[in-house]
**Student:** 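Just passing along the structure, written as structure tokens.
Just so you know, ligand 1 is whichever comes first in the structure, and atom 1 is the first atom listed for that ligand. When reading the values below, keep in mind they use all heavy atoms of this one structure, side chains included, and skip hydrogens, waters and symmetry mates.
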Amino acid sequence: EKGGYEHFMLKEIFEQPNSIADSMRGRLDAANGTLTLGGIYEYSQALINARRIIVLACGTSWHSGLVAEYLFEEYCRIPVEVEYASEFRYRNPVIHEGDIVIAISQSGETADTLAAIELAKSKGAIILGIVNVVGSSISRVTHEGAYLHTGPEIGVASTKAFTGQLSVLTMIALSVAHKKGTITQTRYKELLVELARIPAKIKEVLDNNAVVEEIAERFKDAKNFIYLGRGYNFPVALEGALKLKEISYIHAEGYPAAEMKHGPIALIDEEMPVVFIATRDSSYDKVVSNIQEVKARKGVVIAVVTKGDALIPALADYIIEVPPCEEALMPLISVIPLQLLSYHIAVMRGCNVDQPRNLAKSVTVE
Ligand code: F6R
């Protein structure tokens, strides 16, 4: 059932052009400029009127929640708080009647997320679920929601569910922005067209697999990694670091690139690979300066860059190219090489990538 791939994780990484297309099927009609999210119907007005949104999730799903924060704030002008479910539930959080909670969970069984949802629900919040597993516990306690439609994810490290979550959250945010009038018709249509192009762009990134594999060979014995990104690529840095530690057991940290100088910069030396997610976007110039700061301290830089960029390839030691893309949609693409990098490193280190030690696919304990 691994479809000819050596591991489920690799199969699931390579499935992403299709799984993303599946998540959009019947929902996104770029040619006519429409988005239809049947699962969020009764509460769509509440979402448009929301004074704030609380996102509840854990792990990788929490990372997709962070991307959603950027999307909802930029396009819908709704303030968003992204909460670790385990922290939220134990701190007597402020929840108002009618608050909107977006709960994100691949398995739909995560104990902390489920308990946090129940707490918010008991205080009158409206719970929207972004879940992969149909009929799961979380899908049953939410008021409404949208399934990912990405198919079962078997590898313990989440890959296609993450991009599926991003796809669904992006469609919800754009649909709200459109109905609310916080995005122009032209921008809305442009973004829908760009969204429809994501599967083909992911395919292009997957064609770079051999480049990523060579980089993995060079760094497979590293003891530590840092991942840095800004804006929409900041959550991608966190996700890249999480993937690496989960399956290769190499210590890795993700940071917003500008935070580096407030501490992690002390770690940088000739041994330390620093992965920059440095695509062409509104923080590009700032990221270039951050790369220069690392190089000045003899750090080794691996950079994920936009195809055609000439400046960063001249600074970085290793580059991985991704196709040009709208800033808000870039996480769907820029995370792919990081998934591949952790996969190859883990395989080269002889790790069990589909069943990493100490981890379970559903975390049903608190
Ligand atoms: C990361 C990973 C975990 C899960 C987390 C939440 O690869 O698998 O961090 O993302 O346990 O799980 P769900 O999304 O099922 O609630």
**Student:** Does K361 reach ligand 1 with a nitrogen or oxygen that is under 3.5 Å from one of the ligand's nitrogen or oxygen atoms?
**Tutor:** no
**Student:** Are the charged groups of E293 and K261 less than 4.0 angstrom apart, N to O?
**Tutor:** no
**Student:** Please list, in number order, the atoms of ligand 1 under 4.0 Å from a heavy atom of Q106.
**Tutor:** 13 (P), 14 (O), 15 (O), 16 (O)
**Student:** Under the 3.5 angstrom rule, does the side chain of E194 hit a backbone N or O of C325 as a donor-acceptor pair?
**Tutor:** no
**Student:** Between V133, T110, D112, I130, which one has a non-hydrogen atom sitting closest to atom 12 (O) of ligand 1?
**Tutor:** T110
**Student:** For ligand 1 and Q165, I'd like to know whether there is a polar contact (N/O to N/O, distance under 3.5 Å).
**Tutor:** no
**Student:** Are any of the N/O atoms on S158, whether in the backbone or the side chain, positioned under 3.5 angstrom from an N/O atom of ligand 1?
**Tutor:** yes
**Student:** Near A157, which atoms of ligand 1 are under 4.0 Å from a heavy atom of that residue?
**Tutor:** 7 (O)
**Student:** Can D99 and R52 be counted as an ion pair, charged N to O under 4.0 angstrom?
**Tutor:** yes
**Student:** So if I count the atoms of ligand 1 from 1 in the order they appear, which ones are less than 4.0 Å from some heavy atom of S105?
**Tutor:** 13 (P), 14 (O), 15 (O), 16 (O)
**Student:** Does A173 have any side chain to side chain contact (heavy atoms under 4.5 Å, CB included) partners at least two apart in sequence or in another chain, and if so, which?
**Tutor:** L71, F72, C76
**Student:** Which residue supplies the protein heavy atom nearest to atom 11 (O) of ligand 1, what is that atom called, and how far is it?
**Tutor:** V363 CG2, 3.9 Å
**Student:** Only heavy atoms of C58, strictly under 4.0 Å: list the atoms of ligand 1 that pass.
**Tutor:** 5 (C), 6 (C), 10 (O)
**Student:** Is it true that E15 and K11 have a side-chain N and a carboxylate O under 4.0 angstrom from each other?
**Tutor:** yes
**Student:** Under 4.0 Å from a heavy atom of K243: give me the atoms of ligand 1 that qualify, with their elements.
**Tutor:** 1 (C), 7 (O)
**Student:** For ligand 1, is V156 a contact, meaning one of its heavy atoms is under 4.0 Å away?
**Tutor:** yes
**Student:** Determine whether the aromatic ring centres of residues H178 and Y75 are separated by less than 6.0 angstrom.
**Tutor:** no
**Student:** Atoms of ligand 1 less than 4.0 Å from S61 heavy atoms?
**Tutor:** 10 (O), 13 (P), 14 (O)
**Student:** Closer than 4.0 angstrom, basic N to acidic O: yes or no for R187 and E190?
**Tutor:** yes
**Student:** Taking NZ, NE, NH1 and NH2 as the nitrogens, is one of them in E327 or R280 under 4.0 Å from a carboxylate oxygen of the other?
**Tutor:** no
**Student:** Measure the CE-OH distance between M330 and Y232 for me, rounded to the nearest 0.5 Å.
**Tutor:** 12.5 Å
**Student:** Please could you name the atoms of ligand 1 that E246 approaches to less than 4.0 Å, counting only its heavy atoms?
**Tutor:** 1 (C), 2 (C), 7 (O), 8 (O)
**Student:** Considering non-hydrogen atoms of the protein only, which is the closest contact for atom 10 (O) of ligand 1, and what is the distance?
**Tutor:** T60 N, 3.0 Å
